[in-house]
Amino acid sequence: MKKLIYIIIALFTTISLQAQDLEINAGYTMTGLQQSQDGIDGGSFKLLNGAHAGVQWDFAVFKTVPQLSLTAGLWAEMRAGRYDIDWREEGTTETRILYYGVIPVHLSYRKPINKNSNWIFFGGPELSVGVYGETNEHYYLGTQAQVDDKSPFGDEMNRFDVSLGVGAAYEYRHLQFKLSYDFPLTNSSKNDDPSTLRQHNFRFTMAYSFRKWK
């Protein structure tokens, strides 16, 4: 894991030297957990609260189409919440706190509104790397012992998840206000309890861009 972190840091240090623009991002994350087990659907997924912060680089690689750019980012994200899992374990709630490193690679399109503002539309693959987490199962009536798992990325969950991110932003000079959604392409669950666990991420992000305005 440490080697992977060193490789990522070295990669993004190299990328930052080649980028035309740097953005600082921070915002609110809601994660909807889609669950099923042995053919039984967990129903409507619950939204878990969290936050994210990081940086993103913009590359003007399409010389003939200046409105298009390729963006790559690196941010830390916390996904957390408390929700009812009574559908698979009677009288039980679960609290989950997960920390991820997220690497998005997006194709972005800027549509000018006026000389000071743009609409931005973006989308592309995103890799989430689980760094640390904790899962706690609590039984309402105290009939069973409370379960506290401080290593959910061991036997319980896959450390790596891939999703398809899409979103839009309003840009006013150096400020950006983004709304985005990640559609999960991989299963986060590593065992049969539950057999399927997919994370649908909704984000509201505020960003400051160092891009030069003409």
Side-chain angles (χ1 to χ4, degrees), residues 1 4-5 8-9 12 23-36 42-56 71-88 92-106 122-138 146-154 156-170 175-190 193-194 196-208:
M1 189 63 188
L4 177 61
I5 293 174
I8 291 174
I9 292 174
F12 279 94
E23 297 173 9
I24 299 175
N25 295 261
Y28 175 64
T29 301
M30 292 188 298
T31 300
L33 292 179
Q34 179 186 359
Q35 305 176 84
S36 65
S44 299
F45 51 70
K46 309 295 183 179
L47 294 176
L48 312 183
N49 300 313
H52 60 274
V55 294
Q56 185 165 294
T71 62
L74 177 63
W75 63 64
E77 183 163 59
M78 181 192 75
R79 304 170 189 171
R82 184 178 176 88
Y83 53 97
D84 191 344
I85 58 170
D86 190 72
W87 65 277
R88 62 185 173 92
T92 309
T93 59
E94 188 169 87
T95 301
R96 188 190 299 272
I97 300 176
L98 301 173
Y99 297 90
Y100 284 91
V102 183
I103 304 173
V105 179
H106 293 155
F122 56 88
E126 299 183 357
L127 173 65
S128 295
V129 183
V131 179
Y132 174 75
E134 182 175 356
T135 299
N136 178 274
E137 291 187 5
H138 174 73
Q146 184 169 295
V147 177
D148 192 8
D149 181 7
K150 296 186 181 295
S151 56
F153 296 114
E156 183 180 352
M157 299 183 66
N158 289 311
R159 188 176 296 276
F160 299 95
D161 280 304
V162 179
S163 59
L164 177 63
V166 294
Y170 172 73
L175 293 177
Q176 297 178 7
F177 304 90
K178 306 177 184 180
L179 287 174
S180 60
Y181 164 68
D182 293 353
F183 179 81
L185 299 178
T186 54
N187 181 10
S188 297
S189 181
K190 204 173 184 179
D193 187 21
T196 301
L197 180 62
R198 300 186 187 277
Q199 302 184 58
H200 297 256
N201 299 310
F202 302 84
R203 296 189 184 96
F204 171 71
T205 307
M206 295 184 64
Y208 183 87

* Carefully, step by step, assess Trp75 and Val55 under the rule side-chain contact (heavy atoms from CB on, under 4.5 Å). => CA-CA 6 Å; Trp75 63 64; Val55 294; over 6 Å; no
* NE2-CG distance between His52 and Asn25, expressed to the nearest 0.5 angstrom -> 6.5 Å
* To do: Give a yes-or-no answer on whether the side chains of Arg79 and Ser128 include a donor-acceptor pair shorter than 3.5 Å.
  => yes
* Asked: Do side-chain atoms of Asp182 reach the backbone of His200 as a donor and acceptor pair under 3.5 angstrom?
  -> no
* Expected output: side-chain Arg159 to main-chain Val129 donor-acceptor under 3.5 Å -> no
* **Inter-residue atom distance Glu23.CD - Gln176.CD, 0.5 Å rounding** => 4.0 Å
* To do: Side-chain contact test, heavy atoms from C-beta onward, threshold under 4.5 Å: evaluate it for Leu98 versus Phe153 and give yes or no.
  => yes
* Asked: Is a side-chain N or O of Ser188 found less than 3.5 angstrom from the main chain of Met157, in a donor-acceptor match?
  -> no
* Distance from Leu48 atom CG to Leu33 atom CG, nearest 0.5 Å? -> 4.5 Å
* Structure fact -> From the list Phe202, Phe204, Tyr170, side chain to side chain contact (heavy atoms under 4.5 Å, CB included) partner of Leu179 resolves to Phe204
* Asked: Of the non-hydrogen atoms in Ala169 and Lys178, which two are nearest, and what is the gap between them?
  -> CB-CG, 3.5 Å
* **Side-chain (Asn187) to main-chain (Leu197) donor-acceptor, under 3.5 angstrom** => yes
* Asked: To the nearest 0.5 Å, what is the distance between CD (Glu77) and OG1 (Thr31)?
  -> 6.0 Å
* Quick one: closest heavy-atom pair of Ser163 and Pro184, and the distance? => CB-CA, 4.1 Å
* Asked: Which is it for Val162 and Phe160 under the side-chain contact (heavy atoms from CB on, under 4.5 Å) test, yes or no, and what are the steps along the way?
  -> CA-CA 7 Å; Val162 179; Phe160 299 95; over 6 Å; no
* Structure fact -> Heavy atoms of Pro104 and Leu74 approach each other most closely as CD-N, 4.2 Å
* To do: To the nearest 0.5 angstrom, please state how far the CD atom of Gln199 sits from the CZ atom of Phe183.
  => 13.5 Å
* Quick one: pull up CG in Asn49 and CE in Met78 and give me the separation to the nearest 0.5 Å. => 8.0 Å
